[in-house]
Amino acid sequence: MVNPGSSAQPPPVTASTLSWKRCAGCGGKIADRFLLYAMDSYWHSRCLKCSCCQAQLGEIGTSCYTKSGMILCRNDYIRLFGNSGACSACGQSIPASELVMRAQGNVYHLKCFTCSTCRNRLVPGDRFHYINGSLFCEHDRPTALINGHLNSLQSNPLLPDQKVC
């Protein structure tokens, strides 16, 4: 198991060098038949777990994701940081300790979660509309006339700020 984006390859392990390998998770000697390599360290299969859901990463795939010292499965990484780990509005990285806002699977800095028209920040309790990748406050929501009928646009209540893990 190698962290995506890491160019580090594990050093070769032979029977003579295996006895001195220590697990980065528990600190114990690794004498198992199988071991994992992630974040420039060796791990027992049972010790390399997702920081959020505690799933054993060796059992659910061949890659893991890291951010700010956390080791994550793919699902939790995307849930917490979106597909890119960056704010959907400004494109800047979001630190793991920062509170975020979410809409339609996208993740935003608190300061970037704003109406596309008036630029007012959307806060917990506000109603907003998410249309074609843009956020709109209740007052600035676009309306569309389709076949002579007012098209009802999706409206979402804004949930309280969510903290990563």
**Q** Could you report the tightest heavy-atom contact between A86 and G91, atom names first, then the distance?
**A**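 Scanning both residues, the minimum pair turns out to be CB-O, 3.4 Å.
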
**Q** Could you pull out the closest heavy-atom pair between L135 and T114, with the gap in Å?
**A** CB-O, 3.6 Å

**Q** Is any side-chain heavy atom of K29 less than 4.5 Å from a side-chain heavy atom of R22?
**A**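 Side-chain contact under 4.5 Å: yes.
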
**Q** Out of curiosity, I30 CD1 to Y42 OH, how far, rounded to the nearest 0.5 Å?
**A** 8.5 Å

**Q** Looking at every heavy atom in both S116 and S134, which two are closest together, and how far apart are they?
**A**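 In terms of heavy atoms, the two residues are closest at OG-CB, 3.4 Å.
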
**Q** Holding to side chain to side chain contact (heavy atoms under 4.5 Å, CB included), I want the full list of residues that pass it with C90, two or more places apart in sequence or in another chain.
**A**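 For C90, the residues satisfying side chain to side chain contact (heavy atoms under 4.5 Å, CB included) (neighbours in sequence not counted) are C87, Q92, H109, C112.
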
**Q** Determine whether C115 and D140 make a side-chain contact, defined as any pair of heavy atoms from C-beta on separated by less than 4.5 Å.
**A** yes

**Q** Side chains of L110 and R121: closer than 4.5 Å at any heavy-atom pair?
**A** yes

**Q** Which atom pair, heavy atoms only, marks the closest approach of S45 to L36?
**A**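 Where S45 meets L36 most closely, the heavy atoms are CA-CD1, 3.9 Å.
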
**Q** Measure the CG-CD1 distance between D76 and I71 for me, rounded to the nearest 0.5 Å.
**A**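 So the CG of D76 and the CD1 of I71 are separated by 13.0 Å.
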
**Q** What distance do C137 atom SG and H129 atom NE2 have between them, rounded to the nearest 0.5 Å?
**A** 8.0 Å

**Q** CD of Q104 to OH of Y130: how many Å apart, nearest 0.5 Å?
**A** 6.5 Å

**Q** For F136, check ring pair (Phe, Tyr, Trp, His ring centres under 6.0 Å) against everything at least two apart and list the hits.
**A**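 For F136 there are no ring pair (Phe, Tyr, Trp, His ring centres under 6.0 Å) partners, ignoring immediate neighbours.
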
**Q** Check whether any side-chain heavy atom of R46 lies under 4.5 Å from a side-chain heavy atom of D32, and answer yes or no.
**A** yes

**Q** Side chains of L122 and M101: does their closest heavy-atom pair fall under 4.5 Å?
**A**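 In short, these two side chains do not touch, never coming nearer than 4.5 Å.
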
**Q** Would you say the side chain of L57 lies within less than 4.5 Å of the side chain of W43, judging by non-hydrogen atoms?
**A**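 Of all side-chain heavy-atom pairs linking L57 with W43, none is under 4.5 Å.
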
**Q** What are the two closest non-hydrogen atoms of Y108 and I94, and how far apart are they?
**A** C-CD1, 4.2 Å

**Q** Do I60 and C73 have side-chain heavy atoms sitting under 4.5 Å apart?
**A** yes

**Q** Do H139 and C118 touch side chain to side chain, with heavy atoms closer than 4.5 Å?
**A** no

